[in-house]
Amino acid sequence: MKRKLVNNKSHKSLQFLLLLLAFFPTLTLAADHVTIVCAGGKVYPSPTTPAIADAFLLIKDGKIEAVAPRSQIHYDLPESAQKLDCKGKVIVAGFWNSHVHFETGWQDAANAPAPKLNAHMQEMLTRWGVTTAWDLGSDPNNTMTIRRRVEAGEISGPRILMAGDIFPKNGHPVYLPPEMQLPEAASPEDAQQMARQYMKAGFDGIKLFTGAYMGAKPTVNMDTAIVKAAVDVAHAQDKPVFTHPQNRTGVDNAVAGGVDILAHTIPTEGQFTPEELAGMKRQHMALIPTLTLWTTVVQDPAVADQLVQAGVSELKQYFSEGGTILFGTDVGFQAKYDTTLEFEFMGRAMSWRDVLASLTTNPSQFFKATSKGRIEKGMDADIVVLDADPATDVRNFAKVANTIRDGKIIYSGSVK
């Protein structure tokens, strides 16, 4: 949600920074793969397929080698195979958190000791089953460093995707320190230039503040022409565009400008209009509810409850229209890392299978990660082992025993 390295009066510093970032290549995870066996648990291969009871799951070379009822499969396993006791556990595909921020606790990632960063990564993401995360705003140089250290195997973490922020002119949100210099677009040409620089530097998408919260002052909205200019640049490279909408105008301008994902609901507006729902559905937009966030932005519990209820209502509206829902919590901006409450809130609008889709198949399809999101032979071995069945309580998605990314265990509940 925050970006602090850009002077909006001159784009030269942005360009220089982003050109530097281009020199950080994406590496494959370090360390050799090991064979992992998970036997005796219940596997949900996808949100729409029947469960496999007493299953045998074999992971080899970072891929799913086999998944079937244990009685139907026989393998000669190497002595080096790592065996997980999955009896009584539930196994699902790795989770996406499509709205995070590598901000609080991540400063000076280049020099911070790996154990410190690893502990914070566990606290914030991996212990909640996250194998892929979208960073929607942080110090880009620092987050690139975190991503590089994760891919080099120094930190056990998820795959990190990054979106570059663009704010409206004079739209410095009140919750950001006033000394922060933000990339503000005063014209479509500004937005095009910023978007091109982000794309050139290897960012995975863009986030537009189509509504900037100004406290007691009116929200500053981004003009549709500016929205469309940035969207056109990103879409020309097949990259997605997120929006922080803040209010109804922010949603309307985002829809008119062709944005792909609403990064929040807009609970202060109460509900989406029929026209907004129709436009969102027509453009195949996705919605990230971030319902727990609304418990953190006000002090009055009654007001917080009203915001949550409105957010749940908007989630139910769009989900009922067949809209794509993506799981995301805004952690790193807000500090409630535990995902239990988010699942409880989402469960008021969706079934547990639909929540599972928001964590797995929906993002893998929406972001064209075709080798992720399902437990099938040949798919990437991004796996979550749960201590309890979400079919009996949606909050059980937060009871994570093991998180496996690319065939490597990046979180184990037995390791404190």
Side-chain angles (χ1 to χ4, degrees), residues 1-30 97-121 124-125 130 132-167 172-173 175-185 190-191 193-209 230 233-234 237 239-242 244 263 330-333:
M1 185 171 287
K2 310 187 241 329
R3 187 76 65 188
K4 64 181 181 181
L5 299 177
V6 182
N7 188 328
N8 63 353
K9 295 181 180 180
S10 171
H11 296 148
K12 291 182 180 179
S13 59
L14 172 65
Q15 186 175 18
F16 177 71
L17 170 66
L18 299 183
L19 287 175
L20 285 178
L21 295 179
F23 288 95
F24 289 104
T26 299
L27 307 174
T28 57
L29 280 169
N97 189 324
S98 296
H99 191 153
V100 311
H101 299 276
F102 287 97
E103 294 223 349
T104 304
W106 295 103
Q107 293 82 1
D108 194 24
N111 299 308
K116 177 183 177 182
L117 296 181
N118 199 63
H120 193 47
M121 187 73 78
M124 179 170 144
L125 294 173
V130 177
T132 304
W134 266 103
D135 177 274
L136 299 191
S138 58
D139 175 337
N141 201 2
N142 196 60
T143 303
M144 281 284 190
T145 298
I146 297 167
R147 180 160 78 173
R148 176 176 54 81
R149 295 186 71 177
V150 168
E151 297 307 320
E154 298 175 37
I155 306 168
S156 294
R159 176 186 180 221
I160 299 172
L161 303 171
M162 294 177 61
D165 291 343
I166 302 177
F167 293 78
H172 191 121
Y175 49 77
L176 297 185
E179 67 272 14
M180 279 188 178
Q181 294 178 318
L182 303 177
E184 298 181 6
D190 285 349
Q193 183 179 3
M194 292 175 183
R196 287 176 183 141
Q197 289 168 341
Y198 283 132
M199 296 297 97
K200 187 175 182 179
F203 280 67
D204 305 288
I206 292 173
K207 180 184 176 185
L208 304 176
F209 278 71
V233 171
Q237 297 197 34
K239 303 293 186 182
V241 181
F242 299 76
H244 175 107
D330 209 356
V331 288
F333 173 72

Rounded distance (nearest 0.5 Å) linking atom [atom1] of [X] with atom [atom2] of [Y]:
| X | Y | atom1 | atom2 | value |
| --- | --- | --- | --- | --- |
| S98 | L161 | OG | CG | 8.5 Å |
| F167 | L208 | CZ | CG | 10.5 Å |
| K116 | I155 | NZ | CD1 | 11.5 Å |
| E184 | M194 | CD | CE | 8.0 Å |
| L117 | I146 | CG | CD1 | 6.5 Å |

Closest non-hydrogen atom pair between [X] and [Y], with its separation:
| X | Y | answer |
| --- | --- | --- |
| I166 | A230 | CD1-CB, 4.3 Å |
| N111 | D108 | ND2-OD1, 2.9 Å |
| N142 | A109 | OD1-N, 2.8 Å |
| T104 | G332 | OG1-O, 3.5 Å |
| P158 | T132 | CB-N, 3.7 Å |
| L136 | K207 | O-CD, 3.1 Å |

Original post:
Do the ring planes of Y175 and H244 sit parallel (below 30°), tilted (30 to 60°) or perpendicular (above 60°)?
Top reply: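 Answer is tilted, since the angle falls between 30° and 60°.
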Counting only N and O atoms by type, is there a donor-acceptor contact under 3.5 Å from the side chain of [X] to the main-chain atoms of [Y]?
| X | Y | result |
| --- | --- | --- |
| Q107 | G105 | yes |
| R149 | E154 | no |
| N118 | S156 | yes |
| H172 | E179 | no |

With side chains defined as the heavy atoms from C-beta onward, is the minimum distance between [X] and [Y] less than 4.5 Å?
| X | Y | result |
| --- | --- | --- |
| D135 | W106 | no |
| I206 | M199 | yes |
| M121 | F102 | yes |

Subject >> Worked check of side chain to side chain contact (heavy atoms under 4.5 Å, CB included) between F203 and M144 >> reply: CA-CA 10 Å; F203 280 67; M144 281 284 190; 4.3 Å; yes
Original post:
I160 and E151: side chain to side chain contact (heavy atoms under 4.5 Å, CB included), yes or no, with the steps?
Top reply: CA-CA 9 Å; I160 299 172; E151 297 307 320; 6.0 Å; no
Original post:
Hey, is R159 close enough to D204 for a salt bridge, meaning N to O under 4.0 Å?
Top reply: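 Not counted as a salt bridge, because no side-chain N and carboxylate O are separated by less than 4.0 Å.
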